[in-house]
Amino acid sequence: MKKNTLTKYTAAFILIISTFLSCVKDQDFSTPNVVCTEPNLTVTNTIAQVKEMYTFGGATVIENDVIIEGYVVSSDKSGNIYKTISIQDKPENPTSAIKIAIDETNLYAKYNIGRKIYVKLKGLAVGYSFGSIQIGKAVAGELGRISSYEINNYIIRSCEEVEIIPKKVSISQLNESMLEMLIEIENVQFKTSDLGKSYGNIENTETVNRVLESFNSNCNLVNEVIVRNSGYSNFKNELLPEGKGSVVAIFSNYYEDYQLYLRDTNDVKLEQARCNYSNALTPTISLQQVKNMYTETMVEFGVDTDYIIEGFVVSSDASGNFENKLVIQDKLENPTAGVQILVDMETIFEQYAIGDKVFVKLNKLYMTKNDGVLSIGYPKGSKVTAIEQDAINSFIYNTKENNTIIPTEITIANVLDEQYQNTLVQVNNVQLVANDLGKAFAFFTGNDEGIRTIETCGEILKLTVFTNGNATFANQLFPKGHGSIVGVLNNNLEIRTVEDVQFLTAYNVCPVIIPKVMITEIADPINNVNARFVELFNAGTTEINLSGWKLNKYINGSTTVSSGAVDLSGITIPVGGFIIIANSDFKTVFNDIPEIESSYISGNGDDVYELVNNAGETIDVFGVIGEDGNGTNWEYLDGRAVRNLNINEPNSAFEISEWTVYSNVSNNLISYPNSPKNAPNDFNPNLR
């Protein structure tokens with residue numbers, strides 16, 4: 001009996017199951033259709049009209065019976081979009097869209113993609129949040145989220161469910177009118193520097209940015225946009241695809257920065273071959289032209305002109321020097337210009353190796369001289385500072401084309417030449433100065449920065465070598481001996497590794513050189529102010545390279561150097577030789593060509609002239625700085641001042657006893673008052 005009963009029950013159960021399965025075609029267990037009743041609502045306004053209701057300042061509460069309709073295009077199923085839904089006014093080719101802030105998760109289950117919804121706005125608010133107009137609830141005058149308990153009072157599902165066709169646009173076409181629309185961008189790939197990374201941060205829940213680049217049919221880089229990925233998304237650990245193709249996303253923003261939000265990785269279809277950076281960008285301006293843009297004031301590259309430069313990396317922080325900076329020059333060999341780019345980045349060499357060809361987009365960057373070194377970066381007061389790490393790859397593009405850099409061979413006499421600044425040079429025939437022998441690159445202990453000085457025997461000019469205290473070689477002995485050194489030249493020479501120092505021959509004991517370049521005549525002819533001149537004379541026993549030397553002028557008793565001082569770089573004055581620095585008519589009046597022609601030579605009897613060396617030290621001076629020469633014992637108005645023949649050394653402190661002064665004024669303090677001088681007969685340039 002028990003067996004028969006069990007059999008009966010079993011048969012009944014099988015019959016029920018069979019009956020159920022026979023009602024489901026092809027074993028499809030989908031949710032049964034549910035009868036849907038369309039809400040009886042009348043739309044009063046468009047999404048665009050609602051956005052126009054926002055008035056600046058806080059959240060604008062909607063007090064009238066306003067109803068809009070829209071189609072859901074977002075989804076929080078993957079966790080990348082948080083407590084919001086985005087709707088647009090049409091399934092295809094929308095004209096307006098908006099975000100709705102809701103204090104609830106798993107919104108995709110109720111407001112699925114393609115679902116038409118109605119929003120009853122009375123009691124809600126339109127506000128400005130992170131740079132865009134959104135719908136939410138007014139909380140203390142600001143825009144907040146709609147409470148989960150109130151959602152059904154405001155957002156009503158329609159029975160209509162449609163396919164959303166993404167709006168195809170290019171990155172350059174993106175604008176505020178498209179915010180919160182579902183868009184598709186073609187011919188894009190993730191930035192090369194992002195490859196090998198995951199969508200999100202696998203170590204924590206922080207949101208990260210990845211960069212999507214767009215290209216034209218010739219693989220020229222056209223533009224880029226941020227893809228913002230949440231640390232809570234379920235795809236954050238997936239690696240970024242390496243190909244090129246199309247991406248569908250919700251277009252959003254963070255104030256002025258446009259960004260894309262993926263609904264899930266199915267929206268990313270990068271299956272074509274990538275574009276190579278070698279063809280990605282076309283330089284629009286040379287590095288030399290950029291360098292010429294600097295005229296002692298900060299350069300703002302702006303956004304209106306597409307400034308793109310090409311350069312080759314010559315620096316490396318592999319050994320700890322070149323901290324937070326990347327130096328590039330315009331050519332592999334014999335460059336004409338270079339610049340340092342400040343970057344907030346460690347181990348720069350891993351991404352930008354010596355010899356790598358890079359493109360730099362200068363838009364939104366700034367350029368000035370930081371401590372005398374031409375630098376590019378973000379603005380900070382009167383200087384520039386490092387580009388933030390997350391933004392570096394939006395400005396600097398590595399083609400991965402690596403080349404051999406040939407250092408420019410120079411002597412120590414050339415180190416102040418502007419064309420070599422921020423370029424890789426090899427300085428030949430140098431050694432440490434005697435005082436630095438036996439010292440480390442920086443210091444034998446600690447991590448303070450160090451400066452060592454190198455010289456060439458017979459040259460006044462010297463060169464300092466900088467070492468970062470954190471460099472791996474900072475505590476090593478600086479090589480003794482004599483030879484060459486390779487490095488990037490700026491205010492100092494900065495080497496990449498200890499191998500840059502090749503002191504392979506014996507150390508030379510250099511004789512001490514004391515420069516004796518002096519001012520020997522100052523002319524202010526009464527008959528032609530444009531024939532004024534200043535004469536320099538080398539009274540020493542060694543020719544002197546005047547690179548970095550200057551002739552300064554102080555006018556009307558000023559204690560500040562008059563702008564436009566005469567730069568004497570490039571001039572070597574021989575033993576017993578003269579240098580004439582003159583105004584425009586000198587060559588005509590004196591039938592001679594001056595070494596330097598400059599309107600700066602305009603001293604009119606009461607102005608001071610000062611000769612300074614490449615270290616900024618005063619070598620010689622005529623007149624008293626800070627004193628107006630009128631009525632003094634050195635007034636040379638319409639006359640001349642001549643150095644006495646028994647004076648054969650410069651003097652950094654003015655002594656009137658070393659001079660004979662002629663002037664057109666009745667001033668008994670000077671040597672010869674009421675003695676105007678005419679050019680050319682009353683003057684003797686190039687002669688003592």
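Treat the numbers as computed from the prediction; the structure is a model and nothing was measured. Heavy atoms only: backbone and side chains are in, while hydrogens, waters and symmetry mates are out.
When the ring-ring contact (aromatic ring centres under 6.0 Å, His included) test is applied to Tyr672, the partners found at least two apart in sequence or on another chain are Tyr662.
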Could you go through the side-chain contact (heavy atoms from CB on, under 4.5 Å) check for Phe478 and Val501 one step at a time? CA-CA 9 Å; Phe478 201 109; Val501 184; 4.2 Å; yes

Stepwise side-chain contact (heavy atoms from CB on, under 4.5 Å) test for Ile309 and Ile285: CA-CA 6 Å; Ile309 57 175; Ile285 187 171; 3.7 Å; yes

Tell me, with the steps shown, if Leu551 and Tyr600 meet side-chain contact (heavy atoms from CB on, under 4.5 Å). CA-CA 9 Å; Leu551 182 69; Tyr600 193 74; 5.6 Å; no

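To the nearest 0.5 Å, atoms NZ (Lys325) and CD (Gln340) are separated by 5.0 Å. A distance of 16.0 Å separates OH of Tyr307 from NZ of Lys364, quoted to the nearest 0.5 Å. The CZ atom of Phe301 lies 14.0 Å from the NZ atom of Lys361; values are rounded to the nearest 0.5 Å. One finds the CG atom of Asn428 at 5.0 Å from the CD atom of Glu409 (value rounded to the nearest 0.5 Å). Remark: Asn470 CG to Asn468 CG distance equals 5.0 Å, nearest 0.5 Å. Atom CD1 of Ile526 sits about 4.0 Å away from atom CG of Asn664, to the nearest 0.5 Å.
In the model, Thr520 has a side-chain atom that pairs as donor or acceptor with a side-chain atom of Glu535 under 3.5 Å. When only modelled atom types and interatomic distance are considered, Asp330 and Thr336 share a side-chain donor-acceptor pair under 3.5 Å. No hydrogens or angles considered: nothing links the side chains of Asp500 and Thr497 as a donor-acceptor pair under 3.5 Å. A donor atom on one side chain and an acceptor atom on the other are found under 3.5 Å apart for Thr660 and Asn644. Between the side chains of Asn651 and Glu658, at least one donor N or O sits under 3.5 Å from an acceptor N or O. Using modelled atom types and a 3.5 Å distance limit, the side chains of Glu388 and Tyr378 yield no donor-acceptor pair. The closest side-chain donor-acceptor pair between Thr423 and Gln329, if any, does not fall under 3.5 angstrom. A side-chain donor from one of Ser569 and Asp567 sits under 3.5 Å from a side-chain acceptor of the other.
The number of heavy atoms from other shown groups lying within 6.0 Å of CD (Glu346) does not exceed 12.
A disulfide bond (SG atoms under 2.5 Å apart) check over residues 511-627, counting only residues at least two apart or in different chains, returns nothing.
Of the candidates Ser602, Ser562, Ser558, Ser602 is the only one forming a side-chain hydrogen bond (donor to acceptor under 3.5 Å, both in side chains) with Lys553. Residue Thr542 is tested with Ile460, Ile513, Ile514 for a side chain to side chain contact (heavy atoms under 4.5 Å, CB included); the sole match is Ile513.
A salt bridge does not link Asp436 to Lys462: none of the charged nitrogens lies less than 4.0 Å from a carboxylate oxygen.
A donor-acceptor pair is defined here as one N or O able to donate and one able to accept, closer than 3.5 Å; such a pair exists between the side chain of Asp317 and the backbone of Ile348. Side-chain atoms of Thr618 never come within 3.5 Å of backbone atoms of Ser652 as a donor-acceptor pair (strictly under, hydrogens ignored). Listed for the Asn491 side chain is a donor-acceptor partner under 3.5 Å among the backbone atoms of Asp371.
Figure legend: cation-pi geometry between Arg643 and Phe654 absent, as NZ or CZ is not positioned both under 6.0 Å from the six-membered ring centre and within 45° of its axis.
Scanning both residues, Asp606 and Asn630, for their nearest heavy atoms gives OD2-ND2, 3.4 Å.
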